[in-house]
There are 2 protein chains.
Amino acid sequence: MNTFSEENYLKAIFRLSQMPDNKKISTSAIAEALGNNPASVVDMIRKLTDKQLIEYDKKKGVKLTTQGQKDAIQIVRKHRLWEVFLLEKLEYRWDEIHDIAEELEHIKYHDLADRLEKFLGFPEYDPHGDPIPKANGKMAKSFSASLADGKVGGSYRVAAVRDTSSEFLKYLHKLEINIGTQIKIIEQIAFDHSLIISIDNGEATTVSSKFGENILIS
Amino acid sequence: MNTFSEENYLKAIFRLSQMPDNKKISTSAIAEALGNNPASVVDMIRKLTDKQLIEYDKKKGVKLTTQGQKDAIQIVRKHRLWEVFLLEKLEYRWDEIHDIAEELEHIKYHDLADRLEKFLGFPEYDPHGDPIPKANGKMAKSFSASLADGKVGGSYRVAAVRDTSSEFLKYLHKLEINIGTQIKIIEQIAFDHSLIISIDNGEATTVSSKFGENILIS
DNA sequence: TTATAAAATTAGGTTTGCCTAATTTTATAA
DNA sequence: TTATAAAATTAGGCAAACCTAATTTTATAA
Ligand SMILES: [Mn+2]
Ligand SMILES: [Mn+2]
Ligand SMILES: [Mn+2]
Ligand SMILES: [Mn+2]
């Protein structure tokens with residue numbers, strides 16, 4: 001079994017490997033993702049390599065092995081299931097659940113994820129719109145098109161959020177944007193790509209391009 | 001905040017302090033309770049003393065301070081609430097829940113215990129019959145009379161189990177004994193205090209004195 | 001009381017997962 | 001190409017939470 005820390009590394013590496021940009025997963029990228037020092041990452045790369053959960057090539061960076069990928073997906077599965085639990089059953093707000101799930105995801109016990117999944121009614125997506133892996137590791141593809149890619153005049157359904165920080169989620173909360181909300185792009189400012197949008201047919205609101213990039217649409 | 005390990009020590013000390021026998025809480029008793037080496041316990045006694053969570057007197061042993069007691073009770077509260085969740089919502093058997101709760105109890109987040117308690121409908125007792133402390137730290141008294149103290153001919157309701165090991169609970173499961181089961185003492189064997197009992201008016205079964213001591217009745 | 005056993009403590013060590021500072025390697029830009 | 005910057009690694013260290021082995025203290029029993 002893997003330690004809490006090993007699991008957090010596997011999950012971070014998995015997340016980086018899912019990025020659309022397809023950049024190599026470097027020591028510094030992992031350090032950045034976890035808020036650790038690169039020197040610490042070097043230690044852990046060695047450890048996970050010994051455990052055959054990753055492969056490391058200074059040219060190509062870090063890659064999960066089949067086993068490493070499996071392990072990572074099981075943690076993601078638990079993370080997302082617990083998030084559903086926290087939101088739907090314990091009535092936490094969606095900007096609060098991530099941190100708690102960050103701890104709950106590490107709890108290991110036979111069947112725990114499966115029972116939780118059943119109890120929650122086999123949810124397909126977590127509260128941030130991310131697909132929940134099934135017990136066999138299969139998962140739907142994440143949404144990847146962002147509002148920033150949308151056309152002026154187009155109307156889109158919020159399917160997921162790319163950034164799950166509580167700052168961003170609180171901002172969405174303030175704008176009354178949730179998964180399922182309909183957003184129409186009224187105008188795009190040429191200068192800085194800011195978007196003027198209408199939320200659920202409400203009045204025009206201006207948001208930054210960074211904002212638009214972090215809203216995923218379906 | 002306290003670490004996982006500190007919390008486990010606090011909980012063990014709390015449990016020892018609740019024992020009816022009123023023995024002093026010694027280094028070796030704590031070591032025994034946690035399965036650790038006495039030398040390690042000495043380290044931790046020092047640490048918890050520095051943190052003012054316990055007081056240590058080589059004559060009188062370890063005692064929780066007011067703060068230490070408060071902290072310990074909050075962990076016990078979470079432990080027992082999670083046990084209810086695991087049994088009632090995830091449908092684990094009562095011999096499985098303890099180990100999982102042993103991990104869940106350490107998860108810290110604002111309101112978590114309170115939300116869980118509300119979600120579960122404010123249960124008074126955990127699945128082993130132990131009282132669940134309220135948010136303010138108040139808790140009902142534990143059951144203390146055991147079946148071994150019962151009279152021949154008497155009929156008693158199983159209120160709690162003293163031993164919560166999976167071995168004991170599996171044995172109870174096999175005998176179809178649960179919280180609420182009615183047990184009649186048909187005879188007590190003078191030789192070794194074995195008990196001949198009838199479970200829910202079923203046929204006579206013989207159990208050991210050790211067994212009788214671990215069934216608490218109301 | 002004194003010998004013996006048990007309990008507590010000390011001394012020193014290990015593993016895990018971090019860190020800083022220094023150094024080496026690799027990339028990039030003039 | 002060579003200087004500079006960035007990235008990766010090494011070296012050494014630290015705190016937490018354990019451990020074993022040795023020693024000291026305390027209890028108990030002859
Ligand atoms: Mn985590
Ligand atoms: Mn999520
Ligand atoms: Mn525990
Ligand atoms: Mn219990």
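- Residue contacts for A:Phe4: at a heavy-atom cut-off of 4.0 Å it reaches no nucleic acid atom on any strand shown.
- Rounded to whole Å, atom C1' of C:dC18 lies 12 Å from atom CG of A:Leu34.
- Listed candidates were D:dA16, D:dA8, C:dT20. Nearest to the side chain of A:Ser26 is D:dA8.
- If you check C:dA8, D:dA11, D:dA8 against the side chain of A:Ala39, the one that comes closest is D:dA11.
- In this structure, of D:dT9, D:dT10, D:dA8, it is D:dT10 that holds the atom nearest to the side chain of A:Arg46.
- Counting only Watson-Crick and G-U wobble pairs whose two distances sit under 3.5 Å, DNA chain C takes part in these stems of three or more pairs: C:1-30 with D:1-30.
- Between A:Lys58 and A:Glu6, the residue anchored closer to the 5' end of DNA chain C is A:Glu6, taking for each the nucleotide with the nearest heavy atom.
- Proximity note for B:Lys59 (side chain, C-beta onward) versus C:dT10, C:dC18, D:dA27: the nearest is D:dA27.
- Interatomic distance, NZ of B:Lys89 versus CG of B:Leu116, reported as 10.0 Å (0.5 Å rounding).
- Partner A:His79 forms a side chain to side chain donor-acceptor pair (under 3.5 Å) with one of A:Glu7, A:His98, A:Gln74, A:Glu103 and no other, that one being A:His98.
- Between the CE atom of B:Met44 and the P atom of C:dT9 there is a distance of 15 Å, given to the nearest Å.
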Worked verdict on B:Lys108 versus A:Asp99 for salt bridge (charged side-chain N to carboxylate O under 4.0 Å, His left out): CA-CA 10 Å; B:Lys108 300 163 200 57; A:Asp99 290 347; over 6 Å; no
Carefully, step by step, assess B:Arg15 and B:Gln18 under the rule side chain to side chain contact (heavy atoms under 4.5 Å, CB included). CA-CA 5 Å; B:Arg15 238 172 49 82; B:Gln18 296 287 100; 5.7 Å; no
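- Among the heavy atoms of the strands lying under 4.0 Å from A:Ser5 are primed sugar atoms or P, OP1, OP2 only; no base atom is included.
- In this structure, A:Leu147 CG and A:Glu213 CD are separated by 10.5 Å, a value rounded to the nearest 0.5 Å.
- Between B:Tyr9 and D:dC18 there is a side-chain polar atom (N or O) within less than 4.0 angstrom of OP1 or OP2.
- Using a 4.0 Å heavy-atom distance criterion, B:Thr27 is classed as a sugar-phosphate-only contact.
- Looking at which nucleotide of DNA chain D each of B:Asn37 and A:Lys24 is closest to, the 5′-most match is held by A:Lys24.
- A:Lys58 NZ: 12 or fewer foreign heavy atoms inside a 6.0 Å radius.
- As a whole-Å value, the separation of B:Glu32 CD from C:dA8 P is 12 Å.
- Distance CD1 (B:Ile30) to P (C:dT9): 10 Å, rounded to an integer number of Å.
- Within a 6.0 Å radius of NZ in B:Lys23, no more than 12 heavy atoms belonging to other residues, nucleotides or ligands are found.
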Pair A:Glu117-A:Phe85, side chain to side chain contact (heavy atoms under 4.5 Å, CB included): steps then yes or no: CA-CA 9 Å; A:Glu117 183 184 37; A:Phe85 170 75; over 6 Å; no
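- Distance from the side chain of A:Ser28 is smallest to D:dA8 among C:dC18, C:dA8, D:dA8.
- Taking only side-chain atoms of A:Val42, from C-beta outward, the nucleotide of C:dC19, D:dC18, D:dT10 with the closest atom is D:dT10.
- Between the P atom of C:dT26 and the NZ atom of A:Lys60 lies a distance of 16 Å, rounded to the nearest Å.
- In this structure, CE of B:Met1 is placed 17 Å from C1' of D:dA16, rounded to the nearest angstrom.
- One interatomic measurement links the two molecules: CG of A:Asp43 to P of D:dA8, which rounds to 15 Å at whole-angstrom precision.
- Distance, B:Asn36 CG to D:dA16 P: 17 Å, rounded to whole Å.
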